[in-house]
Amino acid sequence: MTLETVSSWRSYGGTQGVYRHASSATGTDMVFSVFVPDHLTGAALPVVWYLSGLTCSHANFTEKGEYRDACRDLGLILVAPDTSPRGEGVPDDDSFDFGQGAGFYVDATQAPWSANFRMRSYVERELPEVVAANFPADMTRQGITGHSMGGHGALTIALRDPGRFRAVSAFAPIVSPMHCPWGEKALTGYLGPDRAAWRAYDACALIEDGARLPELLVDQGGGDAFLTEQLKPHLLQRACDDAGIALTLRMEPGYDHSYYFISTFMRDHLHWHAARLGGAQ
């Protein structure tokens, strides 16, 4: 597999790179970013995945996430994938909440989306293989987090494969896409009308169906305009309470849905991940 370096910078005592490769999962070129802090030769560093939200690419987090100083201090690699396939011939939609930039981390089954929109396979299987082959990553020590649609992705990916991740968190996640307008639109379009097929992509449904994680950290802005209609963190609280999952749900007064909110609490989340992943070995 050929990995092209799109850009590379020295930053906060490490290397911030952006990379491109041909994806067999999506049938397109995919771009992602990786921050690697300076480390001893031969060391293997734990990996934290960050999944971005609607309308975003890897660039939003890379440019606004304010994570590099914490990753340097904690010895963490940070990987930020794109949110969907892109490019000529890739289907799209005029609305912001469907199509390119809105892959919802699913493997689409409905035409025309099924040809390229296979973000579940890309994030769960293909990209980890790329990272393991090209970076000093200890794939036995992984954590995952994300924002909004990416928070949905982080929760569902971790719940489907709990053995892969030692730490899971989210910022303002869509906790139950089956019960909000964004999710109902996306899941109908990508998966079809059979709601039973949606349950694999709904954190609350996965928990109801028996999926378990030992603990979760979720930050939610109290001033988030999407809180009531789209995000509904009380549904996750109820599902975790019923399942005995230790959920730390922090309602942050006055914070909205933006990167001003995410960047404020990013260091907290990375410290939380590092405590469960350990440092470089």
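- For T83 against R86, the heavy-atom pair with the smallest separation is OG1-NH2, 3.4 Å.
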Problem set entry | Test log, rule side chain to side chain donor-acceptor pair (under 3.5 Å), inputs H273 and S169 | CA-CA 8 Å; H273 281 261; S169 72; 2.9 Å; yes
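- With a 4.5 Å cut-off on side-chain heavy atoms, L51 and V123 count as touching.
- Note that the CZ atom of R125 and the CZ atom of R120 stand 7.5 Å from one another [nearest 0.5 Å].
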Exercise. Taking it one step at a time, do L76 and L270 satisfy side-chain contact (heavy atoms from CB on, under 4.5 Å)?
Worked result: CA-CA 8 Å; L76 299 173; L270 290 173; 4.2 Å; yes
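- Scanning for side chain to side chain donor-acceptor pair (under 3.5 Å) contacts around N60 gives an empty result, with sequence neighbours left out.
- By the salt bridge (Lys or Arg N to Asp or Glu O under 4.0 Å) test, R276 is found to be paired with E215, residues two or more places apart in sequence or in another chain being considered.
- A salt bridge links R250 with D268: the distance from a Lys NZ or Arg NE/NH1/NH2 to an Asp or Glu carboxylate oxygen falls below 4.0 Å.
- Residues forming a side chain to side chain contact (heavy atoms under 4.5 Å, CB included) with T156 (at least two apart in sequence, or on another chain): H152, R160, A203, L206.
- Checked against the 6.0 Å centroid criterion, the rings of Y201 and Y190 do not qualify as a close aromatic pair.
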For this session: Would you check, one step at a time, whether the test side-chain contact (heavy atoms from CB on, under 4.5 Å) holds for M30 with R20?
Result: CA-CA 6 Å; M30 294 296 291; R20 179 185 294 114; over 6 Å; no
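- Two residues are said to be in side-chain contact when any heavy atoms from C-beta on lie closer than 4.5 Å; R68 and T15 fail this criterion.
- Ion pairing of R199 with D202 is absent here, as no side-chain N (NZ or NE/NH1/NH2) approaches a carboxylate O to less than 4.0 Å.
- In this structure, R164 is positioned above the aromatic face of W49, its NZ or CZ under 6.0 Å from the six-membered ring centre and within 45° of the axis.
- In the model, H21 has no side-chain atom that pairs as donor or acceptor with a side-chain atom of T2 under 3.5 Å.
- Taking a 4.5 Å side-chain heavy-atom cut-off between Ile, Leu, Val, Met, Phe, Trp and Tyr, the cluster of W272 extends to L217.
- In this structure, M266 and F61 have side chains that are in contact, with non-hydrogen atoms separated by less than 4.5 Å.
- Interatomic distance, CG of L74 versus CG of L277, reported as 10.0 Å (0.5 Å rounding).
- Applying the side-chain hydrogen bond (donor to acceptor under 3.5 Å, both in side chains) test to every pair with at least one member in residues 225-240, sequence neighbours left out, gives these pairs: Q237-D241.
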Exercise. Are I77 and C71 close enough, and set up right, to give a side-chain contact (heavy atoms from CB on, under 4.5 Å), and what steps lead you there?
Worked result: CA-CA 7 Å; I77 291 175; C71 286; over 6 Å; no
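- Residues Y67 and Y260 are members of separate hydrophobic clusters, defined by side-chain heavy-atom contacts under 4.5 angstrom among Ile, Leu, Val, Met, Phe, Trp and Tyr.
- In summary, the side chains of K64 and S258 do not present any donor paired with an acceptor at a separation below 3.5 Å, with no hydrogens or angles considered.
- Two rings, from F171 and H269, have their centers less than 6.0 Å apart.
- To the nearest 0.5 Å, atoms OG (S52) and CE (M149) are separated by 8.0 Å.
- Taking every heavy atom of both residues into account, A211 and I245 meet most closely at O-CD1, 4.3 Å.
- A donor-acceptor distance shorter than 3.5 angstrom exists from the side chain of D92 to the backbone of Q100, with no hydrogens or angles considered.
- Between I144 and I157, some side-chain heavy-atom pair lies under the 4.5 Å cut-off.
- Y122 and V18 sit in two unconnected hydrophobic clusters of ILVMFWY residues. Membership requires side-chain heavy atoms under 4.5 Å apart, directly or through other members.
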Exercise. Taking it one step at a time, do W182 and F98 satisfy ring-ring contact (aromatic ring centres under 6.0 Å, His included)?
Worked result: CA-CA 8 Å; W182 283 340; F98 193 70; over 10 Å; no
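- Checked against salt bridge (Lys or Arg N to Asp or Glu O under 4.0 Å), D161 has no partners two or more places apart in sequence or in another chain.
- Residues L247 and L216 are in side-chain contact: their nearest non-hydrogen atoms beyond the backbone lie under 4.5 Å apart.
- Here H39 and F135 keep their ring centres 6.0 angstrom or further from each other.
- The CG atom of L127 lies 8.5 Å from the OG atom of S23; values are rounded to the nearest 0.5 Å.
- Side-chain contact between F35 and Y50 is absent, with no heavy-atom pair separated by less than 4.5 Å.
- Ring geometry for F32 against Y19 counts as tilted: the plane angle lies between 30° and 60°, on a 0 to 90° scale.
- Residues G153 and Y105 come closest through the heavy atom pair CA-CD1, 3.9 Å.
- Between the side chains of H58 and D82, no donor-acceptor pair is found at a separation under 3.5 Å.
- Side-chain heavy atoms closer than 4.5 Å link hydrophobic residues (I, L, V, M, F, W, Y) into clusters, and following such links, possibly through other members, connects W198 to L236.
- V6 and L3 are members of different hydrophobic clusters when ILVMFWY side chains are connected at heavy-atom separations under 4.5 Å.
- A donor-acceptor pair under 3.5 Å is absent between the side-chain atoms of D138 and the main chain of P46, judged by distance alone.
- Counting all heavy atoms, side chain and backbone alike, A158 lies closest to L213 at O-CD2, 3.7 Å.
- With contacts defined as side-chain heavy-atom distances shorter than 4.5 Å, the pair L227/P233 qualifies.
- Listed here is the closest heavy atom pair of A108 and L191: CA-CD2, 4.3 Å.
- Between E66 and R267 there is no salt bridge, since none of the side-chain N atoms of the basic residue sits less than 4.0 Å from a carboxylate O of the acidic one.
- Under the 4.5 Å side-chain heavy-atom criterion for Ile, Leu, Val, Met, Phe, Trp and Tyr, L78 and W9 are members of distinct hydrophobic clusters.
- Here CG of N134 is found 11.5 Å from CD of E129. Values are rounded to the nearest 0.5 Å.
- Looking only at side-chain heavy atoms (C-beta outward), S84 and F104 stay at 4.5 Å or farther from each other.
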Exercise. For I207 and L159, what are the C-alpha separation, side-chain angles and deciding distance, and is it a side-chain contact (heavy atoms from CB on, under 4.5 Å)?
Worked result: CA-CA 8 Å; I207 293 169; L159 283 162; 3.9 Å; yes
For this session: Apply side chain to side chain donor-acceptor pair (under 3.5 Å) to T28 and N116, showing your working.
Result: CA-CA 7 Å; T28 67; N116 305 109; 5.8 Å; no
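- Between F265 and Y255, the ring planes are perpendicular. Angles over 60° get that label, and only those under 30° would be called parallel.
- Here the OG1-CD distance, from T140 to Q142, works out to 8.5 Å after rounding to the nearest 0.5 Å.
- Note on D38 versus R72: no salt bridge recorded, every NZ/NE/NH1/NH2 to OD/OE distance being 4.0 Å or above.
- Nearest heavy-atom pair, D97 versus L54, reported as atom, atom and distance to 0.1 Å: CA-CD2, 3.9 Å.
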